[in-house]
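The figures here come from the full heavy-atom set of this structure, side chains too, leaving out hydrogens, waters and symmetry mates. In listed order, ligands and their atoms are each counted from 1.
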Amino acid sequence: MQQPSQIDHLGIAVHSIEEASRLYRDVLGLEVVGTEAIPDQKVRVVWFRLGEIQIELLEPTSDDSPIARFLEKRGPGLHHIAYRVDDLPATLAALEVAGVRLIDKSPRDGAHGMKIAFAHPAGTSGVLTEFCQPPR
Ligand code: ZN
């Protein structure tokens, strides 16, 4: 398997994007790349550009959102790390062969035309890990 080319983004769970944006946008001065509601996952997301990486803030839009459950259990904080890969199906196959527990056994659609899949934190030293493949 080819190694990931870089960290694509860091996902941070927040109670309020507006409140959290004060740090990233107003204090650190990061550029807002976009905002999107993802009804599927019951979250609202904003992305900030930080060099080649993006900071992704995730705010729940419903009490039964996975992000709402995360916030309830652990409070705001680092939610996941996303690695960029060139061939997501090959990456998932290699992970599966290595016995890494996957949440998504096959790629699904993410934001910005990305194909994404998550590995379970149980197999990744406790860090929810996303693998994403940009559109070609
Ligand atoms: Zn993500």
So, taking the atom named NZ in K115 and the one named CZ in R136, what distance separates them when rounded to the nearest 0.5 Å? 11.5 Å

In sequence, state the C-alpha distance, the side-chain angles, and the governing distance for H79 and E56, and then conclude on side chain to side chain donor-acceptor pair (under 3.5 Å). CA-CA 10 Å; H79 179 259; E56 174 182 276; over 6 Å; no

Pair R22 + D26, salt bridge at N-O below 4.0 Å: no

Name each donor-acceptor pair under 3.5 Å that joins a side chain in residues 67-76 to protein atoms two or more places apart or in another chain, with its distance.
from: R69; atom 1: NH1; to: D64; atom 2: O; distance (Å): 3.1

Which of the protein's N, O or S atoms come within less than 2.8 Å of the Zn ion (ligand 1), not counting waters? H9 NE2, E56 OE2, H80 NE2, E130 OE1

Contacts of type side-chain contact (heavy atoms from CB on, under 4.5 Å), residue E18, not counting sequence neighbours: S16, R25

Inter- and intrachain pairs under salt bridge (charged side-chain N to carboxylate O under 4.0 Å, His left out), touching residues 78-93, at least two apart: D8-R84

